[in-house]
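Before any comments, here is the structure.
In this text the structure is predicted, and so the values were computed from the model without any measurement. Position 1 is the first residue of the sequence; numbering continues from there.
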Amino acid sequence: MSGDDSHIRSPAVAGLFYPDDAATLRADVESYLQQAKAPTGTPPKAIIAPHAGYMYSGPVAASAYRCLQDSASKIRQVVLLGPSHRIAFSGIATPTSNFFTTPLGAIKINTELCHALEQFNFVKPLPQAHQQEHSLEVHLPFLQVVLSDFELTPLVVGNCDAESIALLLEQFWDCPGVLVIVSSDLSHYHNYHTAIRLDRNTSDHIEHLQPEKIHYDDACGRNPLNGLLVLARQKHLSIETLDLRNSGDTAGDKDRVVGYGAYVVH
């Protein structure tokens, strides 16, 4: 990775959302994976997993990543979609970087696929959308531990309709070796029991492929999530809930919690 450092996206939340020491980070991720339940069945085409600090959502995210372990050697491309927390924009943002890095090393960006997706009028290079965004970054160490060798297509989703996102996802849905990941947390800052009720309701809508019933208050990654649900409905796929908890279960108090769910698309 010599040359122009402007083509490398450095971590924005290492030391905040997850450890910035490589050995500690790897040990933490491996511990979460070991403690997660291992679902059985066919390898997933897509997963949905949360993106908070690891002490809060790491155990839940691990449930989704654990189900990749048996098929890890077959996954060569990862398309990762998450919501924009930092800047407002319309459409979907590709990066201009050639590599994203974490304390565990560098991940090669599939720049060809990024450019190919820019054929859609709602997809454009927007490096500032990626620079400080954590919704994609927190998934990278899990991918680095679970997968042997892969390229990444990271997409930050702004204001974009579900049908457009479904159209984008369909471009590579039938390609072998491609995994789609949607990054989303669930409800925010309700009390513990209210959050359980709201998140169970949202999970039911996810399982029943009902994007029209999922709103921004239900899931912060609502746009990419609903795009995946539209495509899943078109293709008669099924979605299974692997884990559903909130920060009151993992590491926080129960007065104001954030909900987390892990799901697999069969």
Side-chain angles (χ1 to χ4, degrees), residues 18 28-72 74-75 78-83 135-136 138-147 169 173 178-187 192 195-211 213-214 218-222 224-229 231-233 235-252 257-266:
Y18 59 86
D28 282 3
V29 171
E30 288 175 345
S31 175
Y32 292 136
L33 290 167
Q34 286 165 6
Q35 293 171 42
K37 297 176 199 161
T40 56
T42 55
K45 185 63 185 181
I47 60 172
I48 302 162
H51 55 236
Y54 279 16
M55 66 183 289
Y56 299 108
S57 68
V60 179
S63 300
Y65 285 101
R66 178 74 182 260
C67 71
L68 303 178
Q69 289 185 316
D70 291 343
S71 57
K74 297 174 185 168
I75 298 169
V78 174
V79 181
L80 173 60
L81 301 90
S135 74
L136 305 187
V138 296
H139 291 278
L140 304 182
F142 276 98
L143 289 166
Q144 288 172 301
V145 171
V146 172
L147 303 184
L169 291 175
W173 191 261
V178 177
L179 172 73
V180 172
I181 301 173
V182 166
S183 173
S184 183
D185 295 341
L186 298 176
S187 67
Y192 181 79
I196 288 176
R197 176 175 53 80
L198 292 173
D199 295 337
R200 181 65 264 171
N201 201 35
T202 301
S203 266
D204 288 343
H205 297 326
I206 292 172
E207 290 177 355
H208 291 102
L209 309 182
Q210 296 171 313
K213 294 187 176 181
I214 299 174
D218 303 318
C220 66
R222 173 248 192 194
L225 172 62
N226 283 354
L228 178 61
L229 294 183
L231 186 64
R233 191 161 62 187
K235 293 188 172 290
H236 308 292
L237 304 172
S238 65
I239 297 186
E240 174 189 356
T241 303
L242 301 174
D243 198 355
L244 183 62
R245 285 185 276 172
N246 63 51
S247 56
D249 297 308
T250 52
V257 305
V258 177
Y260 312 118
Y263 308 86
V264 60
V265 182
H266 297 296

Query raised in the report: Could you give the distance from CG (L198) to OG (S187), rounded to the nearest 0.5 Å?
Result: 5.5 Å

Report summary line: Output for pair (N226 CG, I214 CD1), nearest 0.5 Å, gives 5.0 Å

Query raised in the report: Rounded to the nearest 0.5 Å, what separation is found between the OH atom of Y56 and the CZ atom of R245?
Result: 15.0 Å

Query raised in the report: Which pair of heavy atoms, one from E240 and one from H266, lies closest together, and at what distance?
Result: OE1-NE2, 3.0 Å

**Report entry** L228/L81 under side-chain contact (heavy atoms from CB on, under 4.5 Å): CA gap, chis, key distance, verdict
**Finding:** CA-CA 10 Å; L228 178 61; L81 301 90; over 6 Å; no

Query raised in the report: If you look at every heavy atom in D243 and V60, which pair is closest and at what distance?
Result: OD2-CA, 3.6 Å

**Report entry** Contact summary for G261 and L186, nearest pair of heavy atoms
**Finding:** N-CD1, 3.7 Å

Requested in this report: Identify, with sequence neighbours excluded, every residue that meets side-chain hydrogen bond (donor to acceptor under 3.5 Å, both in side chains) alongside Y18.
Outcome: E137

Query raised in the report: Do the non-hydrogen side-chain atoms of T241 and E207 ever get within less than 4.5 Å of each other?
Result: yes

Query raised in the report: Do any N or O atoms from the side chain of Y54 and from the backbone of V138 form a donor-acceptor pair under 3.5 angstrom?
Result: yes

Query raised in the report: So with a 6.0 Å cut-off around CG of D204, is the heavy-atom count from everything else above 12?
Result: yes

Query raised in the report: Quick check: does any side chain N or O of S183 sit under 3.5 Å from a backbone N or O of G82, one acting as donor and the other as acceptor?
Result: no

Query raised in the report: So, do N201 and H205 sit near enough that their side-chain heavy atoms are less than 4.5 Å apart?
Result: yes

Requested in this report: Look at the side chain of D199 and the backbone N and O of L244, then say whether any donor-acceptor pair between them is shorter than 3.5 Å.
Outcome: no

Query raised in the report: Nearest 0.5 Å, what's the CD1-CZ distance between I47 and R66?
Result: 14.0 Å

Query raised in the report: Side chains of Y192 and D249: is there a donor and an acceptor less than 3.5 Å apart?
Result: yes

**Report entry** Set of side-chain hydrogen bond (donor to acceptor under 3.5 Å, both in side chains) partners for S31, sequence neighbours left out
**Finding:** Q35

Report task. Compare every heavy atom of G248 with every heavy atom of V257, then report the nearest pair and how far apart it is. Result -> CG1-N, 3.8 Å

Query raised in the report: Do you know the tightest heavy-atom contact between P211 and R233?
Result: CD-NH1, 3.6 Å

Query raised in the report: Taking the six-membered ring for Trp, are H51 and H139 parallel (under 30°), tilted (30 to 60°) or perpendicular (over 60°)?
Result: perpendicular

Query raised in the report: Is a donor on one side and an acceptor on the other found under 3.5 Å between the side chain of D185 and the backbone of C220?
Result: no

Query raised in the report: For V178, does its backbone N or O pair with a side-chain atom of K45 as donor and acceptor, under 3.5 Å?
Result: yes

Query raised in the report: Can you tell me how far OG of S203 sits from CD1 of I196, rounded to the nearest 0.5 angstrom?
Result: 12.0 Å

**Report entry** 4.5 Å side-chain heavy-atom contact, I181 and V78
**Finding:** yes

Requested in this report: Using a 4.5 Å cut-off on heavy atoms from C-beta on, say whether the side chain of I206 contacts that of Y263.
Outcome: yes

Query raised in the report: Just wondering, do Y65 and L143 contact through their side chains at under 4.5 Å, heavy atoms?
Result: yes

Query - Closest non-hydrogen atom pair between L242 and C67, with its separation - result: CD1-SG, 4.2 Å

Report task. State, yes or no, whether a side-chain contact exists between L68 and P44 at a heavy-atom distance under 4.5 Å. Result -> yes

Query - With S247 via side-chain hydrogen bond (donor to acceptor under 3.5 Å, both in side chains) - residues at least two apart - result: none

Query raised in the report: Taking C-beta and beyond as the side chain, do V146 and I75 meet within less than 4.5 Å on heavy atoms?
Result: no

